[in-house]
Every structure is written in C-alpha cells, then in structure tokens.
Amino acid sequence: MLRPIYKQIAENKNAEIFSANTLLVILGTSVLTARAGLSMALGAFLAGLLLAETEFALQVESDIAPYRGLLLGLFFMTVGMSIDPKLLLSNFPVIAGALGLLIGGKTILVALVGKLCGISIISAIRVGLLLAPGGEFAFVAFGEAVNQGIMSSQLSSLLFLVVGISMALTPWLAAGGQLIASRFELVDVRSLLPVESETDDLHDHIIICGFGRVGQIIAQLLSERLIPFVALDVRSDRVAMGRALDLPVYFGDSGSPEVLHNVGAERACAAAITLDSPGGNYRTVWALSKHFPNVKTFVRAHDVDHGLNLEKAGATAVVPETVEPSLQLAAAVLSQAKIPSSEIAATINEFRSRHLRELTELYQDDGIPLNYGFGVMSKSKAQQSDSSDDNNVTLGNVKDSQE
C-alpha cells in the first residue's frame, strides 16, 4: 500500500504532506502492533523496514534527519537510566564473561563471513570489531520478552548492562581495528581519502563514481583527451592501483554528500556512475540530484526497471549494462558472417531504435513518461559526421533520437 500512496503524494510536490504521511505510517504501524499485543517500538521498527523497501526511502531519510539525532539521544538516555550500577558491581564476573563472549564471538563470526565474501582478513577483522557490540533493537526485544513472560526482569537487567557496555565500547573497538590495519595492512585507507584542498583547482570536471572495469575505461578515455576528472571507490585496492598510475582516485562513498563535496561536486559538470551495486547507483544519483543539481548524471543501469527508477531519482541519462555489450557482440558475430560493415551498423541501429520504441510505447500505455537515456543520433546528424564512422555505435539521449 505504501508505494501508490507515496507516489501520489510525491506527484503533489508538497514536502509537508510527505513528512506528515511518514509520521502517520510510523505511528499507525506502532498502534497496530500495540493492538496486536506487541510493543509500539516494534511497530516503529517494522515501519522503518517497510519504508526502506520503497523507492522513496532516501527522501524519507532526509526528512527525518533533523529529528533523528534528538530522538536517538533521548532513546540512549532512557537506556542509560535503566542501567543499575549496583547490579554491575554485584555481578561483575558474569557480566564481564558475557561481554567478552558477545564481542569475541561476533567479531570471529563476522570476520569469517567477511573473509568468505572476498575481503581481506584485516578488513574482515575491522568489520567484525565494528559490528561486535550489541544493537539498540536488543533493548526492544528484551523488553518485549519480559512483557511476554519469556525472560525474567533480573536476566533482562543483566543483558541490558552487557549490551549497553558493549555499545559504549564501540569507539575503542573501532580504534583497535584502525590500529590493526595501520600495523598490518599495506595501504592505510586514511591516506586515500579525498581532501578538499586537493580539488580546489578543479572546475567543470567529471566525477567517476566507481573505479571498476567500466570506470577505468572512462578514466583512460578522459585522460587521453586531457579532460579533468576525479574518481571515487570504496575498495582500497582499486584506489591504490589508481594512485600507483598517478590518477586522481580517492577512497570514499559516492553516495555521501560530504565525500562529493570534498571532490568539488559543486564545481563539476557531470558524473559517470558505474557502481556494481544497483542500490549504490541509486543512492549516488539521488545524492547528486538533491545536493548538487548542477551535475549531469550518466549512470549504468542493471536492467530496464532499474533504469526507470534511476531516471525518477534524477539521472540525466541511463545506459542498461546488458544492451550495448549484447549489440557489440552481435556486431562481431555478424562481421564474422561476412556481412558488410555498413549493413551491420544499419542492423544494430535499427534494432536499438526498435527496442527503444517498444519501451516507449510500453510505458506510455501505463501512463509513465519514458526518457530512457540511450538511443542513436538522428540520421541527419549522423550524415554530418565523418562517413568513415558509419559502423560506430553512438550513445545519446532519447530526446535526440526522437527529434
């Protein structure tokens, strides 16, 4: 139910109604869970999960940001008030043992999962230390367990102490992970972070979000044309490789407005978003569209539906990652069949145009305007270019192909 409701509200372009609807969803879900015999806090948590699944999650997060810090502070004040220092002193060995088991067990478990997922052992240990403390939802779960008679109030108080102390130790655990990384990791991530002073002289530059295979090709093309650019990636090995080639590659999340500011996004002219994660692409497009509307965003899409969501988030042009490689492969196969290059180019361009036309008709039938960001140049424009380029595959905006 949330998607059509939020879609209708978003079309009205009224920020107050949007925020009010978010509060209504949270309070309404909390009341429903309370009526069902569960806690209102659990309802608020479920409401957050529901909202996170919609394409409006980032806007909701932006709307509630001013209240988040205040409410989190209030929440942790209540947690601190529920901790009994006398209980800590009288049960110190038990609490210390449980605390060591929680932090040690979670660190080992998360580190093993991280290693299985392909990250380095040092990074896996750092992630394990960061995620080792208990979470705030534990307080909700323990309170509900006491209300349902599953757990005694004395045991709940002990667990409150263990989780609370583990959360208080988070800064020291993070510092310990940083110390381990600085001692044993070859690359210190802090030296790879973007510094605002390093990009002060950049104007009308390109931001490459993601320095994987696609991002590296774009960087090479820009370097050959002496076009200024900076690149961002969250993998330190890619950043270190780019730095070794004397390229302006920095470690950072391209979906963070602070990181984008540090690479001079307010003075940039365009961004090429080539992240492997569809969610990461969406976050980056949304952050650039909201905080740096001067930047034109050209983004890689996983499929058609993902591309449409990216356009709704503010993307200037979208290129599906499956379409163009498929057409290039088809062109190679056709050339092997002894078909003239001019005929291959005509076939590929005709297929691309037909595919685009079918997409346009499909979404217009559903009442959705399509401005999908790939197409071909019009014939008149193509004829004005060098005739030797007939077999080139040209990318552009859909509007150009329809004019």
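Values reported hereafter were calculated over all heavy atoms of this structure, with side chains retained and with hydrogens, waters and symmetry mates removed. Everything numeric in this text was worked out from a predicted model, so none of it was measured.
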Hey, does the side chain of [X] reach the backbone of [Y] with a donor-acceptor pair shorter than 3.5 angstrom?
X	Y	value
His205	Val263	yes
Asp233	Val249	no
Thr297	Ala271	no
Ser166	Pro133	no
Arg126	Ile180	no

> With a 4.5 Å limit on heavy-atom distance, are the side chains of Ile206 and Cys269 in contact?
Replying inline: yes
> Is Leu169 close to Leu99 at the side-chain level, that is, under 4.5 Å between some pair of heavy atoms?
Replying inline: yes
Atom [atom1] of [X]: over 12 foreign heavy atoms under 6.0 Å:
X	atom1	result
Glu224	CD	yes
Phe137	CZ	yes
Lys296	NZ	no

Shortest non-hydrogen contact from [X] to [Y]?
X	Y	result
Pro228	Leu202	CB-CD2, 4.0 Å
Val162	Ala98	CG2-CB, 3.8 Å
Ala315	Val299	CB-CG1, 3.7 Å

Look up atom [atom1] in [X] and atom [atom2] in [Y], then write down how far apart they are to the nearest 0.5 Å.
X	Y	atom1	atom2	result
Gln178	Leu130	CD	CG	9.5 Å
Ser30	Leu38	OG	CG	11.5 Å
Ser326	Gln328	OG	CD	10.0 Å
Ile108	Ile103	CD1	CD1	12.0 Å
Thr29	Leu24	OG1	CG	8.5 Å

>> Please determine whether side chain to side chain contact (heavy atoms under 4.5 Å, CB included) holds for the pair Val25 and Tyr6, giving the CA-CA distance in whole Å, both sets of side-chain angles, and the decisive distance to 0.1 Å.
In response: CA-CA 11 Å; Val25 169; Tyr6 270 97; 4.1 Å; yes
> Can you say whether the rings of Trp286 and His291 are parallel (under 30°), tilted (30 to 60°) or perpendicular (over 60°)?
Replying inline: perpendicular
>> Distance alone, cut at 3.5 Å: any donor-acceptor contact between the side chains of Ser152 and Gln154?
In response: no
